[in-house]
Amino acid sequence: MSSRHRPAEEEVTLSMSPLIDCVFLLLIFFLVTTMLKQDSKEVEHLNLPVSYSSLEVPPDEDVLAIAIDTDAILYIEGEEAGLNELMDTLREVEENTPDRRIRLDTDENTPFYRLVEVLDALNFRNLNNVGVRTYHEEYD
Amino acid sequence: MWVSAPTTKSMTDTPSPESNKPLWLALGLATVLTAAFSLVLALNEDLRRTTFVLVETITNEQGVEEERIRVERPEPNREQVREIARNEERKQEQNLEENAREIRDAVEQLRDQADQLEASLTPVSTWEHLLDRLGEAREKFERFKAELNREEVGRLEATPTLKILSSRFEMQKRFLENYVQTPPEATTPWHLLGDAYEMEERLHDLNRRLNTVRTSHRQRTGDWILSAENKLADDARDGMKEYRQALEEQLYGTVFLEDQTLADSDLIPDPEDMEEWDNESNLLTDEELAEMTAAELYQTIREMAEYLDEAFADQRAAELAAVEQIPLEEARERIHAPETRTGPDLTEALTEPPPETLEAFREFAQTLNQAGRTAEHVARTARNRTGEPQAQQSANAQQLQQALQQRTQAAAQMTRMASNQGRPQGNLQDLTATMQAAYGANMGSEGVTLSQSYRSDLNVGDGSGSGNRSVTRLNARRVVKQALPGRRLDPRAERKGWIFLDTWYMIGPWDRPNQNSFDTPFPPEIEVDLDATYAGKNHPRTDSPMELEWRFVQTENIRVNPPDEIGDSVYYGYTEVFAAEAMEVVIAVASDDIAKLWVNDLVVWEDEGLSSWRLDEGFRKILLKPGYNQVLLRVENGPAVCYFSVLMCPVNALNR
């Protein structure tokens with residue numbers, strides 16, 4: 001019996017079922033493990049003040065992030081901004097979404113007068129849903 | 001794949017050349033694939049540079065170095081980087097285009113307003129202008145003369161010259177008054193200029209002689225004559241010089257125009273040149289903007305920022321000329337042209353070829369973002385300068401002109417009523433009707449809202465004095481105790497009574513002009529830009545101009561001190577007041593020394609003279625728009641301390 005004339009039942013075939021199984025397993029793996037991280041509009045060089053009594057709040061993609069660094073420079077949504085822009089932004093928020101959450105990021109060494117200035121501007125515009133962001137080991 | 005036959009015999013057999021064929025085939029295939037892959041690698045740099053795994057050496061917690069695999073995302077190839085950069089550029093182009101349109105519309109609107117205002121100005125003849133200048137020069141001369149009359153030594157020497165000069169002033173005045181009525185047509189009145197030169201020379205000569213007389217008096221008697229004449233003499237000579245220069249400009253200007261119309265065609269500009277000049281400042285259409293690249297749009301926005309500044313300065317100058325009834329040229333000289341900040345020029349970085357590496361792309365994206373931020377900043381400035389764009393656009397030219405006229409008339413009337421000069425202490429002026437007319441003329445949404453909800457309450461303090469009191473007294477001690485800090489007024493609030501404005505943005509000091517200081521506006525009067533910096537008064541120690549920026553001031557005291565308090569200086573304060581609905585409010589401004597207050601760009605208080613702080617210097621009944629009202633204060637410090645207070649009380653709360 002020549003090897004070239006092998007019987008039909010000995011022919012090598014490629015089974016698709018395990019392949020499809022593998023592909024599905026991979027797909028499920030990626031679906032489960034993929035984490036969608038939101039842009040938290042952070043200013044990278046801020047060294048947040050430490051707090052042990054802070055509370056973790058669920059992420060909110062509509063939050064308005066206002067930051068002040070050690071040189072008293074303002075940042076709105078992570079971009080450097082001036083006082084005019086701050087006033088215009090607060091005016092828009094007050095007119096359109098007065099209940100919008102506002103997050104205030106400051107450095108440990110941010111000048112206090114600037115923080116007071118921003119808080120006063122928020123208060124004057126009746127924007128009260130304001131939180132100050134701090135560093136807490138548990139929530140890092 | 002080769003599968004052996006299930007027989008023991010075949011296992012012992014030597015493999016036939018046919019049985020090795022698949023192996024050779026696989027080997028050949030592998031060689032071809034390897035060669036092809038090597039060739040592709042050799043030809044394609046991007047593929048060669050692809051990184052799948054990086055091994056890095058790190059030091060662990062025990063201080064032992066160990067190697068581990070660093071997993072990195074593969075770097076995109078050149079084509080992918082170009083594609084990403086193109087997408088990013090397209091996105092930014094849309095943003096730039098929208099901003100460019102907004103800025104262009106604002107420039108057009110401001111130009112229209114300036115044109116309409118200029119067209120509505122009553123032309124002030126140049127002879128009237130010269131007459132004003134002569135009046136100023138004469139005023140300075142009279143002050144000098146009065147001072148000289150008090151001095152024994154100088155009076156004897158100066159009397160004849162002073163008499164001659166007085167008669168010459170009178171003569172010049174009479175001629176100019178005649179020319180105001182009937183301007184000279186046939187000849188140019190050169191004799192006026194000759195006389196002016198002679199008067200200037202006489203004043204100069206008089207000063208010289210006075211100095212000689214005083215010196216010889218001192219040598220004879222040993223007495224110094226300490227007088228204020230030196231400064232007054234200089235002022236009188238400067239006044240005369242300014243008048244002579246104005247006269248010279250006018251007369252030579254007239255001759256130049258006459259000559260030009262006669263024959264000299266070289267001086268007449270070529271119409272083609274004029275057309276070219278016009279096109280330079282022409283604004284682009286939507287189609288032209290849509291076809292532009294990001295770099296071109298950015299460049300256009302930078303150019304339009306300059307047009308915006310020019311148009312805004314023109315509009316403010318025309319408004320000032322209309323309100324104060326002064327020549328347009330003079331108003332232009334008074335206006336500080338504002339400058340919109342556009343940052344460093346990024347055109348070169350934006351016109352470079354598209355990035356091919358990830359690092360170059362990051363730089364490119366950063367530049368694009370910066371260009372976008374610049375465009376947004378210019379667009380925001382444009383928005384703030386135009387106010388209510390939709391309402392303004394919907395009006396036709398005639399309505400616009402009427403509204404502007406109405407507003408400037410109201411503003412001029414307000415300026416007269418706001419002045420506290422010559423009015424008794426505690427006087428109360430009612431500005432509400434004029435303010436309502438001015439608000440209505442804005443044609444914005446405020447006007448409509450106001451007319452629906454505003455109900456005038458005239459129970460108190462009508463300035464006409466018809467049955468109502470026009471002077472009021474205030475228990476200053478009680479008000480100081482009871483007034484609360486605040487900036488929000490709500491009729492539904494439980495607490496009613498006086499509030500004092502405790503939060504300000506302040507800027508200064510600028511040098512205080514010697515005379516008519518309110519005629520010299522400083523930049524905040526043209527535009528309040530809280531991010532701007534200016535060169536101010538010279539620092540007393542370094543003698544170099546101080547760099548001024550707006551500073552946040554909040555106080556628990558009724559009286560507010562400006563920062564960097566120096567004598568003979570001008571400061572500005574800016575704040576906003578919220579009114580829950582349109583309401584009449586009595587405002588009490590007190591200052592040490594001089595103060596002027598604007599509410600929503602309308603003058604509501606003007607107090608000249610170096611007076612001390614008194615809570616009841618005067619009261620004004622004003623009208624606040626519903627929403628946010630802008631308050632700008634100018635305070636001037638004389639020789640000593642400087643502070644001010646601004647108190648407000650709703651009229652209905654005052655009645656209780």
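Just so it is clear: chains get the letters A, B, ... in the order the sequence lines come, proteins before strands, and each one is counted from 1. Keep in mind that what you see is a predicted model, and the values were worked out from it rather than measured.
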Is it true that B:Arg383 and A:Asp88 make a salt bridge, defined as a side-chain N closer than 4.0 Å to a carboxylate O?
no
Chain A heavy atoms under 4.5 Å from B:Val553: which part of the residue, side chain, backbone, both or neither?
neither
Of the backbone (N, CA, C, O) and the side chain (C-beta and beyond), which part of A:Glu94 lies under 4.5 Å from a heavy atom of chain B, both, or neither?
side chain
Taking NZ, NE, NH1 and NH2 as the nitrogens, is one of them in A:Glu117 or A:Arg114 under 4.0 Å from a carboxylate oxygen of the other?
yes
Between B:Gln554 and chain A, which part of the residue has a heavy atom less than 4.5 Å away: side chain, backbone, both or neither?
side chain
Non-hydrogen atoms of chain A under 4.5 Å away: do they reach the side chain of B:Arg380, the backbone, both or neither?
side chain
Centre of B:Tyr628's six-membered ring, under 6.0 Å away, within 45 degrees of the axis: is that where NZ or CZ of A:Arg125 sits?
yes
Which of these passes ring-ring contact (aromatic ring centres under 6.0 Å, His included) with B:Tyr505: B:Tyr572, B:Phe552, B:Tyr574?
B:Phe552
Would you mind checking if B:Asp490 and B:Arg488 are paired as a salt bridge, meaning a charged N to carboxylate O distance below 4.0 Å?
no
If we define contacts as heavy-atom pairs under 4.5 Å, which of B:Asn384, B:Asn369, B:Thr381 has the most with chain A?
B:Asn384
Toward chain A, the part of B:Asp529 with a non-hydrogen atom under 4.5 Å:
both
